Asks: 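Take this structure first; my questions come after.
Keep in mind the model is a prediction, meaning the values are calculated, not measured.
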Amino acid sequence: MLELADVLKSKNEENEAYLSEIETIGQAYDDMQTQNQHLIQQITERDDYNIKLVLEGLRARQLQDKLLMGKRTLEREIQQANSSLNFYDMKAARIEDQKKVHLGMW
């Protein structure tokens, strides 16, 4: 009887140790679940931020393209204006030459 009581006491202590270990593992599992949720939230926030950066990059690229097209348009207009100015300068010079010729004849 005494031997069985000792075995029973030993098994109870073993049970208590197992229960304590199970409780410790359960708590560690809960902690890991909480940490995983936090990491998932961070990943989601990072992904949202990355999407935002990509969209901002696209908008910046579109704006850059628009500004570049505007710049090219202005450069063409300036080139046309310079061509017109050169043409009118030459025309003015010819008129000035013709005026000198006509004044010389009088």
Side-chain angles (χ1 to χ4, degrees):
M1 215 41 176
L2 191 57
E3 191 177 309
L4 288 177
D6 285 343
V7 169
L8 184 59
K9 184 178 177 187
S10 172
K11 292 295 178 182
N12 278 338
E13 289 172 357
E14 199 175 304
N15 261 354
E16 289 297 321
Y18 285 144
L19 287 175
S20 177
E21 189 174 338
I22 289 171
E23 203 174 289
T24 301
I25 291 170
Q27 183 60 45
Y29 178 80
D30 289 344
D31 291 347
M32 284 179 59
Q33 286 294 92
T34 301
Q35 185 179 9
N36 285 345
Q37 286 298 97
H38 182 68
L39 290 172
I40 288 171
Q41 182 181 358
Q42 286 180 335
I43 289 169
T44 302
E45 289 171 358
R46 187 201 64 207
D47 288 348
D48 291 346
Y49 183 71
N50 284 342
I51 290 169
K52 182 180 175 182
L53 287 177
V54 167
L55 291 175
E56 285 179 14
L58 288 173
R59 281 192 287 268
R61 175 58 107 166
Q62 289 171 344
L63 179 60
Q64 181 184 15
D65 291 345
K66 187 176 179 181
L67 290 172
L68 186 58
M69 286 175 51
K71 178 186 171 206
R72 288 179 182 158
T73 299
L74 288 174
E75 286 172 344
R76 279 193 301 272
E77 289 174 358
I78 289 171
Q79 188 176 17
Q80 289 173 349
N82 283 336
S83 293
S84 294
L85 180 63
N86 288 338
F87 172 76
Y88 289 122
D89 282 346
M90 287 181 1
K91 197 169 187 172
R94 264 204 270 148
I95 291 172
E96 190 66 33
D97 288 344
Q98 288 176 350
K99 180 178 132 185
K100 287 179 185 176
V101 167
H102 283 237
L103 285 178
M105 292 184 163
W106 292 96

Asks: For residues 40-69, which side-chain N or O atoms pair as donor and acceptor with protein atoms under 3.5 Å away, sequence neighbours left out?
Replies:
| unit_1 | atom_1 | unit_2 | atom_2 | d |
| --- | --- | --- | --- | --- |
| Q41 | NE2 | E45 | OE2 | 3.2 |
| Q42 | NE2 | H38 | NE2 | 3.1 |
| T44 | OG1 | I40 | O | 2.9 |

Asks: Other members of the hydrophobic cluster containing M90, with the 4.5 Å side-chain heavy-atom rule, please.
Replies: none

Asks: Starting from L19 and following side-chain heavy-atom contacts under 4.5 Å between hydrophobic residues (I, L, V, M, F, W, Y), which residues can be reached?
Replies: none

Asks: How many angstroms lie between CG in D30 and CD1 in I25, if you round to the nearest 0.5 Å?
Replies: 12.0 Å

Asks: For E16, does its backbone N or O pair with a side-chain atom of S20 as donor and acceptor, under 3.5 Å?
Replies: no

Asks: Any side-chain donor-acceptor pair under 3.5 Å between Q27 and D31?
Replies: yes

Asks: Any side-chain hydrogen bond (donor to acceptor under 3.5 Å, both in side chains) pairs touching residues 82-101, not counting sequence neighbours?
Replies: none

Asks: Return a table of donor-acceptor pairs under 3.5 angstrom between the side chains of residues 5-15 and protein atoms on other chains or two or more places apart.
Replies:
| unit_1 | atom_1 | unit_2 | atom_2 | d |
| --- | --- | --- | --- | --- |
| E14 | OE2 | Y18 | OH | 3.4 |

Asks: Count the heavy atoms belonging to other residues, nucleotides or ligands that lie under 6.0 Å from CD of Q33, then report whether that count exceeds 12.
Replies: yes

Asks: Under the salt bridge (Lys or Arg N to Asp or Glu O under 4.0 Å) rule, what pairs show up with a residue in residues 73-88, not counting sequence neighbours?
Replies: K71-E75

